[in-house]
Protein chains: 2
Amino acid sequence: MSPQTRRATQADVARLAGVSQTTVSMVLTGTGAAQRRVSDAVRERVLRAIEVTGYAANPAAQRLAGGRTSIVGVYTYESVFPTSASDFYHPFLEGVENEAERTGVDLLMFTSMSAGTGRRLVSSGGVGRLRLADGCVLLGRHSYPEDLAELLRQDFPFAFVGRREAPGGAVPWAGAAYAPATEQVTDHLLALGHRRIVLINEFTGHESIEDRAKGYRVAMARAGLQPVSLDEPDLTSGELLDNLRTAGVTAAVVSSDLAAPLRRAALARGLSVPGDLSIARLGDPETVETEDVDWTGFLIPRREMGAEALRVVLRQLTPLDGDDNLQARIPCTFVPGSTVSAQAADAPAITGKA
Amino acid sequence: MSPQTRRATQADVARLAGVSQTTVSMVLTGTGAAQRRVSDAVRERVLRAIEVTGYAANPAAQRLAGGRTSIVGVYTYESVFPTSASDFYHPFLEGVENEAERTGVDLLMFTSMSAGTGRRLVSSGGVGRLRLADGCVLLGRHSYPEDLAELLRQDFPFAFVGRREAPGGAVPWAGAAYAPATEQVTDHLLALGHRRIVLINEFTGHESIEDRAKGYRVAMARAGLQPVSLDEPDLTSGELLDNLRTAGVTAAVVSSDLAAPLRRAALARGLSVPGDLSIARLGDPETVETEDVDWTGFLIPRREMGAEALRVVLRQLTPLDGDDNLQARIPCTFVPGSTVSAQAADAPAITGKA
DNA sequence: CTGAAAGCGCTTACAG
DNA sequence: CTGAAAGCGCTTACAG
């Protein structure tokens, strides 16, 4: 309607309200003490002028002048929407988006720096692009120590979804509390009478794997038992199973990706799960499962991890309250399931060879 | 390593290269003629200095100074990741993201302005926030004429996914070519010998509904037949079916959401589809289907629509080439299916009451 | 071919 | 309680 096609600026508002542009800014974003310095009468006039002009802040200018934009970057190390990758990213992003909506921040999704494989944030000028945002949530399957170190060095607020470590400082993250969850699962087996309980973990140096091992060891130690680990990465599930039987193992605590293969190997050898071998799973896998098994174990709180990661970023932006914990562990949910059963205390279920 | 924690600016680069800051800017983004004005020797020095300093442009400053950020906003009228809504938004967003990755733009997802229902872009200061981006892709189930009119008025580059109209100018969009697709489906039924073909459409004023009706009328007119429409919105599928039978209809061309109910009603009355009634579907519904029916009809090219919408935005940013079409119709894919069969020319399939 | 200068629209000391 | 001024890091006329 109005012929004016240019967007209103603070200067326009100021002119209409008969005050200085500084005052308009103060009314809008004056921090703490500053905000209070405007008289009610003036504030009223400014507010009215804002309404009349339809003024809305220019985020680029805000950002450049050192203010906040309420934009948080989301950097994923692969693209998100193609269905292949979405199994992994999706639950996390649901959490991030929910929390973003709740707290009123917009999400800047970085997808442009792919350049094929080994896509790195630092080298591709990505860190620079991030600066449009107040902070950034990072999301990827692996570890990216150089990226994280660079972010730390630049003192840029960020959080990784999942525990990560990097040289040069404490990485902020929101991860699953794998240690207590694994401890609980192991305790559950112990309470069922199992004594020969083995941990079967992946053989990466990944932080989350270490956490699971720790929880297992704690539970075993408290029960006065010797932790047993089968760290031969090259074993097939079948060979692994044979080793378990030789060792008289009655229960296995297994990382999420290895549980199904182990169960299949057991069934293939005519064994019953949980009759002959109890299997508990340490986390639900990211891919949709083909078999319909009612696993005993715990669920990874992916949505909560995403939401908390955003909160960890936000916490760095307003370090007002006492809550300055930048490494958040989210509890996992224990699921009773039916791949585990009771075991007479001293009777090894698996004896000799078949 | 280096103690410097501040990010490098063009001024830093300039100092190191022994040139002016203007020259650095020219090397990086000089448009056309300007770019050419820098001598090779100087360009070399600047480029080297950029590498040494690890300079990356500050997008906020770029944007404020009137430059491009290679950021395109994506405004969805509902949240995206919660699974409830993702059925609708997902395929479109896949297309947008793919194209963004291909063309090297980042996506700014606007999620913050929900404010419950009736969430509008204009009133919530959303248009202002958009200005961080070079342009914007809009995505929603309904029509939002006020928002679109405001965007047009402000001359802000955007594109809607799906055909839309608004007062104040031509809305840029990327939509499905419903008219020719519906025409093709109708022709298919005509070729099979059907003469009494009815169009069953939703009763909204939605643009895409109009397109379908147009395609149907064109095909019928060419065959010298009278188009038949049953525009009684309050009819149940069963009553609708009874009307069809009374009218001696042998084939129905049905919008995506009404096809399944109509088929169920037919089966419930002991009729065979396609034996007694052929049903062709105008588009695949957005929700996952419960019944496994091999529908005859066409598929909505949702991913391509998303990708093209981004391209429509980009086209407005660089109107160099001759391709200035801002209303793109993407062809739909015809699917033969098995809910349609041949019909003897003059023998009405449905006669009398059951 | 190169540079000094204005300006984009904000925030934040610094004066009154 | 309020305002004039500097500055954030760029782009783009405008001079040389």
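All heavy atoms count here, side chains included; hydrogens, waters and symmetry mates do not. Each chain gets a letter, A, B and so on, in the order its sequence line appears, and its residues count up from 1.
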(request) Go ahead and write out DNA chain C as dot-bracket, 5' to 3': ( ) for pairs within the strand, [ ] for ones crossing earlier pairs, | when the partner sits on another strand, dots for unpaired; Watson-Crick or G-U wobble, both distances under 3.5 Å. (result) |||.||||||||.|||

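What separates CG of A:Asp12 from P of C:dG9 is a distance of 9 Å, to the nearest Å. When rounded to the nearest whole Å, the span between CZ of B:Arg15 and P of C:dT2 equals 20 Å. The CD atom of B:Gln10 sits 15 Å away from the P atom of C:dA4 (whole-angstrom rounding). Atom CZ of B:Arg63 is separated from atom P of C:dG9 by 11 Å (rounded to the nearest Å). Look at CE on B:Met26: it is 13 Å from P on D:dC14, rounded to the nearest Å. One interatomic measurement links the two molecules: CZ of B:Arg43 to P of C:dC1, which rounds to 10 Å at whole-angstrom precision.
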List, with names and distances, any nitrogen or oxygen atoms from the protein found under 3.5 Å away from nitrogen or oxygen atoms belonging to nucleotides 5-8 of chain D.
from  : atom 1 : to      : atom 2 : distance (Å)
D:dA5 : N6     : A:Thr22 : OG1    : 3.3
D:dC8 : O2     : A:Leu64 : O      : 3.2
D:dC8 : O2     : A:Ala65 : N      : 3.4

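Dashed line: the shortest gap from a side-chain N or O of A:Ser25 to OP1 or OP2 of C:dT11 is under 4.0 Å. Look at A:Gln62 and you won't find any side-chain N or O under 4.0 angstrom from OP1 or OP2 of C:dG9. In this model, the phosphate group of C:dG3 is approached by a side-chain N or O of B:Thr23 to a distance below 4.0 Å at OP1 or OP2.
For B:Val19, the side-chain atoms get nearest to C:dG3 when compared with the rest of C:dT2, D:dC10, C:dG3.
Of all heavy-atom pairs between B:Met305 and B:Ile330, the closest is CG-CG1, 4.0 Å.
Classification of B:Arg315 and B:Glu308 as a salt-bridged pair holds, one side-chain N sitting under 4.0 Å from a carboxylate O.
Formation of a donor-acceptor pair under 3.5 Å by the B:Arg63 side chain with backbone atoms of B:Ala133 is found in this model.
Checked against side-chain contact (heavy atoms from CB on, under 4.5 Å), A:Ala309 has the following partners two or more places apart in sequence or in another chain: A:Val137, A:Ala159, A:Val161, A:Ala174. Legend: residues meeting salt bridge (Lys or Arg N to Asp or Glu O under 4.0 Å) with B:Arg329, ordered by chain and number and at least two apart, are B:Asp211. Applying the salt bridge (Lys or Arg N to Asp or Glu O under 4.0 Å) rule to B:Arg48 yields no partners; only residues at least two apart in sequence or on another chain are considered. For A:Glu44, there are no salt bridge (Lys or Arg N to Asp or Glu O under 4.0 Å) partners two or more places apart in sequence or in a different chain.
Using a 30° and 60° split on the angle between ring planes, A:His90 and B:His90 fall in the tilted class, from 30° to 60°.
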(request) Apply the test side chain to side chain donor-acceptor pair (under 3.5 Å) to residues A:Ser25 and A:Thr22: give CA-CA distance (whole Å), side-chain angles for both, the deciding distance (0.1 Å), then the verdict. (result) CA-CA 5 Å; A:Ser25 177; A:Thr22 302; over 6 Å; no

